[in-house]
Structures are given as C-alpha cells and as structure tokens.
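A short write-up of the structure that comes next.
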Amino acid sequence: MTFQALPGFRDFAPEDLAFRNHILAAWRRVARRYGFEEYDGPPLEPLELYTAKSGEEIVGQLFDFTDKGGRHVTLRPEMTPTFARMVSARANGLRKPIRWFSVPQLFRYEKQQRGRLREHFQLNCDLVGEAGPLADAEVIALAIDVCRELGLTAADFRVRLSDRRVIQALLVGAGLDPAHHPAALGVVDKLERLDPEARDRAFAGAGLMDYIDAVVDMAVVRSWDQLEDLAERYRVDVSATELRQVHDALGEMGLYEFVEVDLSIVRGLAYYTGTVFELFDRQGKMRAICGGGRYDTLLQSLGGVDLPSVGFGMGDVVLGELLKDRGLRPAAAAGTEVMVAAVTAEDLPATLGLAHELRDAGLAAEYAMNGVALGKQLRQADARGARLAVVIGPDDRATGMVQVKDLHEKTQVAVARDAVVAHCTATLGTS
RNA sequence: GUGCUUGUAGCUCAAUCGGUUAGAGCGCCGGAUUGUGGUUCCGGAGGUUGCGGGUUCGAUCCCCGUCAGGCACCCCA
C-alpha cells in the first residue's frame, strides 16, 4: 500500500520548506518595513461567511463539510471576509489608517494546474481608512518591494495598473449602460487570451455585440495619450486624476520602471471600486503573481463599518515558479556549524561531551554516531555544510588539546579543550 | 466538473518493427583511506515500466479502464 498527497496538495521536504520559508520570510520583512502588523484567523470558518455575499454557487469551489456539531463549515478560500470581520469588530478603537497583513494558507476545491493548486499560502495586505491615492500607491509599492526583496528586477515582472472609475467613464462615454458594465468587465478580463472568433462569441454571449469596438478600444489603452484620444472621441471628461496620482506617486518612490498603465486589467471580483492592479512576469507566460485594488464599500457590506480600503493578495505558487525560473532559489542553509569527530571509538565519549557543550552555547553541532573512519566524518562535515570540524583523538585527550579545522579556510589549529567552545563561537561569529 | 495529452530507478532520460535478463548519467550507500575533507578511481543497492484488465507465442511498446501530472475550458484566492 502506498500513499501520495491529495491532488493539489504539497508535501514540503526540508529543501521545499526552506524555499517556502524563504518566500514567507521576505513577505513578513517587507510588510513590517511598511508598518504593517500581522494578524491571523481560523483556517476553518462557517460556510455562511462566504455564501452570504458570493451566493451558493461558490460552494462548489470550497472544501466544505458538516462538523460533528451539525455546523456547515469550510476551509477558508480567501482571507477578506475574516479580515472584514476582525477589523469591523475593532475599527472604532483602531488608529487609522489600519495597516494589517496576514499569511494564511487558503484552500479551494478546483482542478489543479501549474501555478494553481488546491492549497496555497497568500500574503494579504490591506490598508483601511485612507481614501486617497497614496494609500493605493503604498500597497502597490509593497507588492513591488516583495518581488525586489526576493531578487526580481524590472526585467522580470511588471505592475499593470488600471482604475475602474476610468474604465466605467469610458464605457458610459461609448454609450454602454452601467447595468451592462459587469458583463463588459467580465469579457475584458479574458480578452487577451481570446482569438478574434472566440472574442466575438464572448461578446455575443454577454449581449454586447454592438460594443465590441468600444470595449476593445478601451482595453488596449496603455498610455495617457491613448486615454486622452479616446476621451476626446467620446467627448467625455476622463481626467483619471486618481490613476495619475497613483502612477506619479510610484514614480516618486523610484518605482516607475515597474509600473505600466493598462486598462485591460479589471479584476474578476465585483467589489473593486477604483484602482485595480496585477503583477505579471515580463514574459507573460505565467498566471498573475499578485492582484488587488481599492474596495471602498466592501467593509460596509461585510462588516458594517464604512471605511475605504485598498489591498492585495499574493500567492506563493506562481511567485515560487518565477523565482525558480530565474535561478533565484537559494541554496539550502547549512544545517550544521560544527562537526565533532572522533578518531577512535575510545574518543566517542569526549565528542559527546564537547558536542553538547557547543549546543548549550547555541551552536549547531553534530557528531558521527557510527564510528566510521575519520576521513568519512570530515566528508560528512562537508556534506552537512559545517564550517568547523573538531577532531579529538587519543593524543589530544592525553594533552588536553583538540584540533579545530576551518573547512572553508582549509586551516587547522590546536586549541585547549577548555577553550574550544569560545574559539568556535568566535570563529563562527566573525564570518 | 469537461476535453486533449503524458506516465520507465530518488532525479533527468534511453531501450531498433511487438522479441533474450529494461540500460546510462547524476544522486545515494560502501571501499581505496585504522589521525584528516570537497577531486579521483573501484564496487553496490535501487524497477510489479503508475495501477488493473485485454490482444498476442511474446507487451515499456497495441487496445480499454483507472489514478496522477501537464495543457485548454470553467473559475478565478
């Protein structure tokens, strides 16, 4: 009988967990750098938390079941409802703007594909209580800096920046009734993946055949000039003030090269009210690394407090694939700092004593348990990444000395037994 | 959930038209080396060819089913 992990779920062997921790540590470093505080909620939530706003349809995408108390529960598919609940309950007492982040493991019952599993870790950053465009720029800058922190450059990824207020103004200018905007946004969201024929079918399916040109014209806007031309053609006032301010603010931060205005970005979720953005790899062969935007009415509808908000989510799967693709997967950290080696079986008790003293001093120490030849033990020391090896033989014990080898510098010195721990601590501390 | 496609050692791959005991590199283990490491040399372990069934004298190879991965759809955290 053999077993394997469920489809879409991952085992994390030490090498894999080291990589995951590498990503999550970068998330936390950068979020704290921006003054964000970490929170968490339950991984299991009442099903109603998600069906209340999204409807029963999403149950098909959830890991839900009935618990022994008869409650209908589900593994959390997203963090926003939990976040809304927690912030709403405390909003009156929290100084604004509220900067909170979380690194939850989220679950979704969907057929897995590359970059999309049934479980992933996601950095969630939300800034609540500030309606101005600098809040939008702040969270976008955070997302960019996470990627930079991990070694990615402007040659590797970009932010595609848009604003639903601008999109909707253009659609109104083209004569499209606001009631049809959600359908139009739904088509725009997948526009770049469709060939002309499929595109026409999508528009027909949405009942928007008469607006194909208008919607496509809007979606191809990549510059201020194009935007102004379009606004002029529709004789509509599209100042795009907020979008320009977000863009300018990121430029002031020195992040201009990472950001491109792109009105084809609309985001699938209905609750975005202003700025929307996504991070993509430059080659455009992967799914989005990160997505987010402004949602000024969501907290009101979910938690009852009326506060403007902006935030994003960034998963570990696509990001990890991009890092691996760019050779940015770090070498595994050394597990052992000092290998204590015994020359003969009679020396083994002495190695046990020294290894434990080293461990008490906070160093990662190991010794060979199976009495293999000294050369073998030193080879093990290399394999384990140890910087130092301490050799103890009968001669050393007779003289009260040990031999300390620096495996990187290829040097060896005799050190008094009583001074070994201090010697190792000093050597490792200065490297 | 639907369609297409792939599945050989821990990893990357090979195996003639369906034909003898399924091979190689890397990795792993051991030895050369009984007080000194990464190189080198020698040796070894490791396979129900994803799993189950069918066709055939004979199946890694052809057919069916199933499981898993990939791609597309659906959906988008």
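Naming: A, B, ... by sequence-line order, numbering from 1 per chain.
Thr153(A) and Arg326(A) share no donor-acceptor pair across their side chains, judged by distance under 3.5 Å alone. Defined by atom type and a distance below 3.5 Å, a donor-acceptor pair is missing between the side-chain atoms of Asp64(A) and Tyr50(A).
Taking the C1' atom of each, C26(B) and C62(B) are spaced 34 Å apart, rounded to whole Å. For the P atom pair drawn from A32(B) and G25(B), the interatomic distance equals 23 Å after rounding to whole Å. Distance check on atom C1': A14(B) versus U56(B) gives 26 Å, rounded to whole Å. A distance of about 29 Å separates the C1' atoms of A9(B) and U55(B), rounded to the whole Å. For G18(B) and U12(B), the C1' atoms lie 27 Å apart once the distance is rounded to whole Å. Comparing the same atom, C1', in G47(B) and in C64(B) gives a spacing of 25 Å after rounding to whole Å. Only the P atoms considered, U8(B) is 12 Å distant from U48(B), to the nearest whole Å. Taking atom C1' in both G58(B) and G1(B), one finds a spacing of 41 Å when rounded to whole Å.
Here the P atom of nucleotide A77(B) and the CZ atom of Phe312(A) are 15 Å apart, to the nearest Å. Rounded to an integer number of Å, the gap from Arg329(A) CZ to C11(B) P is 15 Å. One atom, CG of Leu191(A), and another, P of C76(B), lie 16 Å apart when rounded to the nearest Å. Protein atom CD of Gln122(A) is 15 Å distant from nucleotide atom P of C76(B), rounded to whole Å. To the nearest angstrom, P of C76(B) lies 17 Å from OH of Tyr50(A). Look at CD1 on Ile58(A): it is 18 Å from P on G1(B), rounded to the nearest Å. Taking atom CG on Leu117(A) and atom P on C76(B), their separation rounds to 19 Å, with Å as the unit. Whole-Å rounding puts the Tyr109(A) OH to A77(B) P distance at 20 Å.
Classified by interplanar angle (parallel below 30°, tilted 30° to 60°, perpendicular above 60°), the ring pair His22(A)/Phe19(A) is parallel. Ring-plane geometry between Phe312(A) and Phe277(A) is classed as perpendicular, the angle between the planes exceeding 60 degrees on a 0 to 90 degree scale with a lower cut at 30.
To the nearest 0.5 Å, atom OH of residue Tyr272(A) and atom CZ of residue Arg294(A) are 12.0 Å apart.
Residue Gly8(A) is in sugar-phosphate contact alone, with no base atom involved, counting any heavy-atom pair closer than 4.0 Å across all strands shown. Within 4.0 Å (heavy atoms only), Gln61(A) reaches sugar-phosphate atoms of the nucleic acid but no base atom.
Counting only Watson-Crick and G-U wobble pairs whose two distances sit under 3.5 Å, RNA chain B takes part in these stems of three or more pairs: B:1-7 with B:67-73, B:10-13 with B:23-26, B:28-32 with B:40-44, B:50-54 with B:62-66.
Of the residues Asp316(A), Leu319(A), Leu106(A), the one that meets the side-chain contact (heavy atoms from CB on, under 4.5 Å) test with Gln122(A) is Leu106(A). Only one option out of Val261(A), Leu250(A), Leu279(A) pairs with Val159(A) in a side-chain contact (heavy atoms from CB on, under 4.5 Å); it is Leu279(A).
Note: Phe83(A) and Tyr295(A) fail the aromatic proximity criterion, with ring centroids not under 6.0 Å apart.
Geometrically, Arg118(A) does not engage Phe63(A) in a cation-pi contact, judged by NZ or CZ lying under 6.0 Å from the ring centre and within 45° of the ring axis.
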Protein-nucleic acid N or O pairs under 3.5 Å, nucleotides 33-39 of chain B:
{"unit_1": "G35(B)", "atom_1": "O6", "unit_2": "Pro394(A)", "atom_2": "N", "d": "3.4"}
{"unit_1": "G35(B)", "atom_1": "O6", "unit_2": "Asp395(A)", "atom_2": "N", "d": "2.7"}
{"unit_1": "G35(B)", "atom_1": "O6", "unit_2": "Asp395(A)", "atom_2": "OD2", "d": "3.2"}
{"unit_1": "G35(B)", "atom_1": "N1", "unit_2": "Asp396(A)", "atom_2": "OD2", "d": "2.9"}
{"unit_1": "G35(B)", "atom_1": "N2", "unit_2": "Asp396(A)", "atom_2": "OD2", "d": "3.2"}
{"unit_1": "U36(B)", "atom_1": "O2", "unit_2": "Lys405(A)", "atom_2": "NZ", "d": "2.8"}
{"unit_1": "U36(B)", "atom_1": "O2", "unit_2": "Gln412(A)", "atom_2": "OE1", "d": "3.4"}
{"unit_1": "U36(B)", "atom_1": "N3", "unit_2": "Gln412(A)", "atom_2": "OE1", "d": "3.1"}
{"unit_1": "U36(B)", "atom_1": "N3", "unit_2": "Gln412(A)", "atom_2": "NE2", "d": "3.4"}
{"unit_1": "U36(B)", "atom_1": "O4", "unit_2": "Gln412(A)", "atom_2": "NE2", "d": "3.0"}
{"unit_1": "G37(B)", "atom_1": "O2'", "unit_2": "Asp382(A)", "atom_2": "OD2", "d": "2.5"}
{"unit_1": "G37(B)", "atom_1": "N1", "unit_2": "Leu407(A)", "atom_2": "O", "d": "2.7"}
{"unit_1": "G37(B)", "atom_1": "N2", "unit_2": "Asp382(A)", "atom_2": "OD1", "d": "2.8"}
{"unit_1": "G37(B)", "atom_1": "N2", "unit_2": "Leu407(A)", "atom_2": "O", "d": "2.5"}
{"unit_1": "G37(B)", "atom_1": "N3", "unit_2": "Asp382(A)", "atom_2": "OD1", "d": "3.2"}
{"unit_1": "G37(B)", "atom_1": "N3", "unit_2": "Asp382(A)", "atom_2": "OD2", "d": "3.0"}
{"unit_1": "G38(B)", "atom_1": "N7", "unit_2": "Lys410(A)", "atom_2": "NZ", "d": "3.4"}
{"unit_1": "G38(B)", "atom_1": "O6", "unit_2": "Leu407(A)", "atom_2": "O", "d": "2.6"}
{"unit_1": "G38(B)", "atom_1": "O6", "unit_2": "Lys410(A)", "atom_2": "NZ", "d": "3.2"}

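Of the candidates A68(B), A77(B), C71(B), C71(B) carries the atom nearest the Arg114(A) side chain, counting heavy atoms from C-beta on. Relative to the side chain of Arg287(A), the nucleotides G1(B), G69(B), A72(B) differ in distance, and A72(B) lies closest.
Electrostatic pairing of Arg397(A) and Asp347(A) counts as a salt bridge here, judged by a charged N lying under 4.0 Å from a carboxylate O. Between Arg282(A) and Asp325(A) no salt bridge is recorded (no basic side-chain N to carboxylate O distance below 4.0 Å).
Proximity of residues 38-49 of chain A to RNA chain B (heavy atom under 4.0 angstrom from any strand atom) is not detected for any residue.
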Hey, mind stepping through Arg160(A) and Ser264(A) against side-chain hydrogen bond (donor to acceptor under 3.5 Å, both in side chains) and telling me if it holds? CA-CA 9 Å; Arg160(A) 299 168 73 185; Ser264(A) 70; 3.2 Å; yes
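The nearest heavy atom of RNA chain B to Pro77(A) and to Lys111(A) marks one nucleotide each, and the one closer to the 5' end goes with Lys111(A).
Of all non-hydrogen atoms in Ala368(A) and Leu348(A), the two that sit nearest each other are O-CD1, 3.8 Å.
Phosphate proximity of A72(B) to Gln113(A): present, with a side-chain N or O under 4.0 Å from OP1 or OP2.
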